[in-house]
Amino acid sequence: MTQRFAIGPRETARLDTAGLRQHFLLENIFTPGAIELTYTHYDRMLVGGAMPTEVPLALSCPESLKASYFLERRELGALNVGGAGEIVVDGTTYALGSQDCLYVGRGSQQVAFRSLDAASPAKFYLLSAPAHKEYPTTRRTQAEATPVEMGALETANQRTIYKYIFSEGIASCQLVMGLTQLKPGSVWNTMPSHVHDRRMEAYLYFNLPAGQRVLHLLGEPSETRPLWVSNEQAILSPPWSIHTGCGTSAYAFIWGMAGENLEYTDMNAVALADLR
């Protein structure tokens, strides 16, 4: 498990491209036959991925968590962006197809990830936040995540939003998680942009065709900075930063938050005229 320490807007404004990538870009989310984890000091969120192939992958507890098992004081969200797979939680098996989600509550002691076909492995994107209460382990398929249509082709941001873990969906302590799919011909996400003063956010960009990229914008609204992001790479977004991007083609992304509340609409909008 690697770590990313929190930095503020003044430090970010002085960074060059290499520095921005070092602090905010997670380049390696999915490694065949392995679990990749990054501990970020923004609301102590853990971001990572599990890509099982021939054998299942058990979620072990990194020594730095100082816990008896991974979810002793944490909760977990897992969203599959690969082939069909299963997650086994304390002996109970949950099947997850493409873009299905599983919430695993605090106190679950054994978690393992499996692919049904090693040639087309599951790719479980993982988010974990500290938890103070037990909530039941719950699966939600994409079909069960009521879609919300937003945007327009005229503004190149027509998209479908699927909400999984939030105040009106799967119950959690502080984890919020969902998925947005842009329509063909649309390339902008989260525009007009916003910030979350009360929680951090992480993005995983995926379903980006080979050779295409997303130009992600971060930083204070008056001091924005760009990062070029490839398929299946993730961005960390501090509470003070915008998080928006424009792709060279349509794509999808998973958004996840941890912090003060579970309200999807808790955000501070930024007018286009105020972006610099």
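Along the sequence shown, residues are numbered consecutively beginning with 1. All of these numbers come straight from a predicted model, not from anything done at the bench.
Residue Y125 is not grouped with residue L59 when hydrophobic side chains (ILVMFWY) are merged at heavy-atom distances under 4.5 angstrom, including chains of intermediate members. Hydrophobic clustering of Ile, Leu, Val, Met, Phe, Trp and Tyr side chains at less than 4.5 Å, counting indirect connections, unites M200 with F24. L275 and W188 fall within a single hydrophobic cluster, where Ile, Leu, Val, Met, Phe, Trp and Tyr side chains are chained together by heavy-atom contacts under 4.5 Å. Under the 4.5 Å side-chain heavy-atom criterion for grouping Ile, Leu, Val, Met, Phe, Trp and Tyr, L46 is not connected to M177 through any hydrophobic cluster. Both L126 and V89 are members of a single hydrophobic cluster when ILVMFWY side chains are connected at heavy-atom separations under 4.5 Å.
The ring-ring contact (aromatic ring centres under 6.0 Å, His included) pairs that include a residue from residues 89-123 are F113-F124, where partners are two or more places apart or lie in different chains. A salt bridge (charged side-chain N to carboxylate O under 4.0 Å, His left out) check over residues 35-51, counting only residues at least two apart or in different chains, returns nothing.
Nearest heavy atoms, A145 versus Y164: CB-CE2, 3.8 Å. For the pair S108 and D90, the tightest heavy-atom approach, listed with the atom from each and the gap, is CA-OD2, 3.4 Å. Minimum interatomic distance between S186 and N157 (heavy atoms only, all atoms of both residues): OG-N, 3.4 Å. Here the shortest heavy-atom pairing between L175 and L262 reads O-CD2, 3.6 Å. Closest heavy-atom contact between A250 and V187: N-CG1, 4.5 Å. Scanning both residues, I35 and A50, for their nearest heavy atoms gives CG1-CB, 3.8 Å.
The side-chain heavy atoms of I87 and V111, taken from C-beta on, include a pair separated by under 4.5 Å. In this structure the side chain of L127 reaches within 4.5 angstrom of the side chain of V47, judged on heavy atoms. Considering only heavy atoms from C-beta on, H243 comes within 4.5 Å of Y203 through its side chain. Side-chain atoms of V88 and R114, non-hydrogen and from C-beta on, do get closer than 4.5 Å to each other. Using a 4.5 Å cut-off on side-chain heavy atoms (C-beta onward), L25 and L20 make no contact. Taking 4.5 Å as the limit, every side-chain heavy atom of M45 sits out of range of all side-chain heavy atoms of M257. Side-chain contact between I235 and L227: present, with at least one pair of heavy atoms (C-beta onward) separated by less than 4.5 Å. Contact annotation: the side chain of E201 approaches that of H196 to within less than 4.5 Å [non-hydrogen atoms, C-beta and beyond].
Applying the salt bridge (charged side-chain N to carboxylate O under 4.0 Å, His left out) rule to R106 yields the partners E134; only residues at least two apart in sequence or on another chain are considered. Every residue two or more places apart in sequence or in another chain that forms a salt bridge (charged side-chain N to carboxylate O under 4.0 Å, His left out) with R198 is listed here: D266. A search for salt bridge (charged side-chain N to carboxylate O under 4.0 Å, His left out) contacts involving E63 returns K66, not counting sequence neighbours.
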Evaluation steps, side chain to side chain donor-acceptor pair (under 3.5 Å), between S222 and R276: CA-CA 5 Å; S222 59; R276 296 290 185 269; over 6 Å; no
Residues K183, T160; criterion side chain to side chain donor-acceptor pair (under 3.5 Å); working and verdict: CA-CA 8 Å; K183 303 286 188 181; T160 305; 3.2 Å; yes
Pair E168-K163, salt bridge (charged side-chain N to carboxylate O under 4.0 Å, His left out): steps then yes or no: CA-CA 9 Å; E168 299 171 24; K163 303 173 188 176; over 6 Å; no
side-chain contact (heavy atoms from CB on, under 4.5 Å) between K133 and Y135, intermediate numbers included: CA-CA 7 Å; K133 179 181 177 181; Y135 285 96; 3.6 Å; yes
Verdict with supporting geometry, I254 and Y205, side-chain contact (heavy atoms from CB on, under 4.5 Å): CA-CA 7 Å; I254 296 173; Y205 288 106; over 6 Å; no
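Interatomic distance, OG of S241 versus CG of L218, reported as 5.0 Å (0.5 Å rounding). Summarising the geometry, atom CG belonging to L179 is positioned 6.0 Å from atom CG belonging to L79; distances are rounded to the nearest 0.5 Å. Taken to the nearest 0.5 Å, the CD atom of E144 stands 11.0 Å off from the SG atom of C101. The OG atom of S249 sits 10.0 Å away from atom CG of N207, with the distance rounded to the nearest 0.5 Å. In this structure, E86 CD and T93 OG1 are separated by 5.5 Å, a value rounded to the nearest 0.5 Å. Atom OG of S60 sits about 12.5 Å away from atom CD of Q110, to the nearest 0.5 Å.
Aromatic ring pairs are classed by plane angle as parallel below 30°, tilted from 30° to 60° and perpendicular above 60°; the pair Y251 and F253 is tilted.
Formation of a donor-acceptor pair under 3.5 Å by the T138 side chain with backbone atoms of P136 is found in this model. Judged purely by atom type and a 3.5 angstrom limit, T40 uses its side chain to pair as donor or acceptor with the backbone of Y42. A donor-acceptor contact shorter than 3.5 Å is absent between the side chain of Q233 and the backbone of L204. N231 contributes a side-chain N or O that, together with a main-chain N or O of L208, makes up a donor-acceptor pair within less than 3.5 Å. Within the 3.5 Å criterion, the main-chain N or O of T190 finds no donor-acceptor partner in the side chain of S193. Remark: side-chain polar atoms of Q158 are not paired, donor with acceptor, to backbone N or O of G151 under 3.5 angstrom. Although no hydrogens or angles enter the test, the distance criterion places a donor-acceptor pair under 3.5 Å between the side chain of S115 and the main chain of A122. Between the side chain of N80 and the main chain of G83, a donor-acceptor pair closer than 3.5 Å is present. Judged by distance alone, the side chain of T2 and the main-chain N or O of T38 form no donor-acceptor pair under 3.5 Å.
R21 has a carboxylate O that lies under 4.0 Å from a charged side-chain N of E27, or vice versa, which qualifies the two as a salt bridge. Ion pairing between a basic and an acidic side chain is recognised when a charged N comes within 4.0 Å of a carboxylate O; R225 and E223 show such pairing.
Side-chain atoms of R74 and S128 form a donor-acceptor pair, as typed in the model, at a separation below 3.5 Å. Side chains of N261 and R199: a donor on one and an acceptor on the other come within 3.5 Å.
For E149, the CD atom sits in a packed shell: over 12 heavy atoms of surrounding residues, nucleotides or ligands are nearer than 6.0 Å. More than 12 heavy atoms of other residues, nucleotides or ligands lie within 6.0 Å of CG in D197, so this atom counts as buried by the packing criterion.
Applying side chain to side chain contact (heavy atoms under 4.5 Å, CB included) to L102 and the options I170, I165, L96, L76 leaves one that passes, L96.
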Contacts under 3.5 angstrom, residues 5-15 side chains, donor-acceptor by atom type, not counting sequence neighbours:
unit_1	atom_1	unit_2	atom_2	d
E11	OE1	G8	N	3.1
T12	OG1	G8	O	2.9

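Aromatic ring centres of W255 and F166 lie farther apart than the 6.0 Å criterion allows.
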